[in-house]
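Here the structure is a predicted model, which is why all the values come from computation and not from measurement. Atoms within each ligand, like the ligands themselves, are counted from 1 in listed order.
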Amino acid sequence: MGIKIIATGRYVPERVLTNADLEKMVETSDEWIRTRTGIETRHIADASQATSDMCREAAKKALEMAGIAPSELGAIVVATITPDHSFPNTACLLQEEIGAKNAFCFDLSAACSGLIYSLVTAQALMKMTPNLKYVLVLGAEKLSGIVDWEDRNTCVLFGDGAAAVILEKTDDGNDSIKAYNLGADGACKDILFMPAGGSRMPASLESVQNRKHFINMTGKEVFKFAVNAMVSSSQQAMTDAGVAPDDIKFLVPHQANYRILKAVAQRLDIPEERVYMNLNRYGNTSAASIGLCLDEMVRNNLLQKGDKVLLTAFGGGLTWGSIVLEW
Ligand code: ACO
């Protein structure tokens, strides 16, 4: 039995928010944002668009590439920290939208590491479930709904989007995921979190007035943690897969900040030309970011059979994870 990635898809909203637009909203500059983060534009969902709507568009493209009907999906997993509702889960909403009536559905919350956590979870489920032939995994976020547009420390960083991956169980013994490493450190929960809206601080007039429903981040701490976590996790995944940095055709890191990505690549000894980046166009889309990269790479024919690809991410929790893929 082998579990293979057979298709990808992506969707980003039409509306583009530039650094010049942000200059009119908060005290910032295009130069500051570009040199500190590498971000030039990000896509922002309109008021009527929820995360499941973006999922639907990405899912349709992946289903088309896979050449399968929605009814053939046995499960849907949506990695997100911006679900349409606390419940029902976003995967259930998507199931109805696309008519995937035979799929069981759940969301997975691991912030920016969500897609990596979900791919590993999907593979494990497929290995232990006899009739689970196709699983649809998505990373999708409407971060614009939880960004404080008055806070220049965070609002320049984030964007919206959705990315889909379809896994198929095949008869040969080859898995796309050659090795993985997942980790978490709840002691660092306070450097990246959203204070209100859960059971700890339910929504109230006070929580809204005090702007507690937005991403709260200690940027410098996250930066340091991100580099260390992605480097050690990547090294462990490469060791477990029996590959060296030279064997990696592309490093696909979570698209948080150009300087973080550059530092990770340097410490892993992977030259920058083999690091896939699109954060200049999309900003940080959390769980969607690695999937947006993968779909671009697939549709631009950058990946050939047998290529080794290293995915690595970190996010709120804190969580982190890496996967060595063989295409
Ligand atoms: N425009 C202009 N000035 C700004 C802006 C802005 N948008 N934002 C902050 N500044 C100011 C700060 O106020 C500070 O001013 P001060 O020195 O007068 O206090 C100055 O710029 C320098 O701030 P630093 O914090 O030193 O800037 P730094 O170089 O660390 O960059 C950044 C900040 C971009 C946030 C960086 O720390 C970073 O990328 N951190 C990681 C963020 C990240 O990856 N988050 C992932 C979240 S993903 C998830 O799980 C949802």
Check your understanding: Would you call Asp172 and Lys4 a salt bridge, taking side-chain N to carboxylate O under 4.0 Å as the test?
Key -> yes
Below 3.5 Å, can you tabulate the donor-acceptor pairs from side chains in residues 177-187 to any protein atom, sequence neighbours excluded?
unit_1, atom_1, unit_2, atom_2, d
Lys178, NZ, Asp175, O, 3.1
Asn181, OD1, Ser233, OG, 2.9
Asp185, OD1, Ala187, N, 3.0

Check your understanding: For atom CG of Asn131, is the number of surrounding heavy atoms from other residues, nucleotides or ligands below 6.0 Å larger than 12?
Key -> no
Could you check ligand 1 for N or O atoms lying under 3.5 Å from protein N or O atoms and list the pairs with distances?
unit_1, atom_1, unit_2, atom_2, d
ligand 1, 1 (N), Thr28, OG1, 2.6
ligand 1, 3 (N), Trp32, NE1, 3.4
ligand 1, 3 (N), Arg152, NH1, 3.4
ligand 1, 7 (N), Thr28, OG1, 3.1
ligand 1, 7 (N), Arg152, O, 2.9
ligand 1, 13 (O), Arg152, NH2, 3.1
ligand 1, 21 (O), Trp32, NE1, 3.4
ligand 1, 26 (O), Lys220, NZ, 2.5
ligand 1, 27 (O), Arg36, NH1, 3.0
ligand 1, 29 (O), Arg36, NH1, 2.6
ligand 1, 29 (O), Arg259, NH2, 3.0
ligand 1, 30 (O), Lys220, NZ, 3.4
ligand 1, 31 (O), Arg259, NH2, 3.3
ligand 1, 37 (O), Gly219, O, 3.4
ligand 1, 39 (O), Asn257, ND2, 2.6
ligand 1, 40 (N), Gly219, O, 3.1
ligand 1, 50 (O), Gly316, N, 3.1

Review point. If you draw a 6.0 Å radius around CD in Glu273, do more than 12 non-hydrogen atoms from other residues or ligands fall strictly inside?
Key: yes
Practice item. Please collect all ring pair (Phe, Tyr, Trp, His ring centres under 6.0 Å) contacts where either partner lies in residues 48-81, sequence neighbours excluded, each pair once. Key: none
Exercise for review: List in chain and number order the residues that pass side-chain hydrogen bond (donor to acceptor under 3.5 Å, both in side chains) with Asp21, two or more places apart in sequence or in another chain; answer none if no residue qualifies.
Suggested key: Thr18
